[in-house]
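Before any comments, here is the structure.
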Amino acid sequence: VTCNALSPGGATLTGMIYEDYGDRKLNDPAIMGPPIVWLASERSDCVTGRRMAANIWDASLDADTAAKGAFS
């Protein structure tokens, strides 16, 4: 059994939050895509019990390095 948690890492523009959410910048829901793909891949097979924040995923890095940096 593998169990990991993925969060957007902050308030995200969804149907539950209005675009004019004060002065705070809202995350684009698309930030969840790359970490989800990595977590669903065989490269994450030995990863369990970890928490990942999508807003700190660095898309300029290869996926394995970006994943290591996104774990909190």
Side-chain angles (χ1 to χ4, degrees):
V1 174
T2 300
C3 182
N4 294 292
L6 173 63
S7 74
T12 304
L13 183 58
T14 64
M16 297 185 293
I17 296 180
Y18 298 104
E19 287 187 47
D20 60 351
Y21 185 66
D23 295 339
R24 296 175 61 184
K25 180 182 179 294
L26 296 174
N27 292 321
D28 182 337
I31 66 171
M32 299 293 281
I36 288 171
V37 170
W38 185 84
L39 284 167
S41 75
E42 291 180 359
R43 294 184 305 209
S44 70
D45 281 355
C46 294
V47 177
T48 190
R50 301 297 303 269
R51 184 175 51 197
M52 182 182 281
N55 67 332
I56 57 176
W57 179 278
D58 187 346
S60 70
L61 303 173
D62 68 274
D64 292 330
T65 304
K68 288 178 187 174
F71 287 121
S72 56

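Because the structure is a prediction, the values reported are computed rather than measured.
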**Fill in**
Contacts of Asn4 meeting side chain to side chain donor-acceptor pair (under 3.5 Å) (sequence neighbours excluded), chain-then-number -> none
**Message:** Tell me every residue that passes side chain to side chain donor-acceptor pair (under 3.5 Å) with Ser60, counting only those two or more places apart in sequence or in another chain.
**Reply:** Asp58
**Prompt:** If you group Ile, Leu, Val, Met, Phe, Trp and Tyr by side-chain heavy-atom gaps below 4.5 Å, do Val37 and Val47 land in one group?
**Reply:** no
**Request:** Please name the pair of heavy atoms, one in Pro8 and one in Asn27, separated by the smallest distance, quoted to 0.1 Å.
**Result:** O-ND2, 3.4 Å
Just jot down the side chain to side chain contact (heavy atoms under 4.5 Å, CB included) partners of [X], sequence neighbours excluded, or say none.
X     : answer
Ala63 : Trp38, Arg43, Trp57
Ala54 : Leu6, Ile31, Met32, Pro35
Asp62 : Asp64, Thr65
Ser7  : Ala53

**Prompt:** Short question: side chain of Thr12, backbone of Thr14 - any donor-acceptor pair under 3.5 Å?
**Reply:** no
**Asked** Got a donor-acceptor contact below 3.5 angstrom from the Thr48 side chain to the Thr2 backbone?
**Response** no
**Request:** Taking salt bridge (Lys or Arg N to Asp or Glu O under 4.0 Å) as the test, write out the residues that go with Arg50, two or more places apart.
**Result:** none
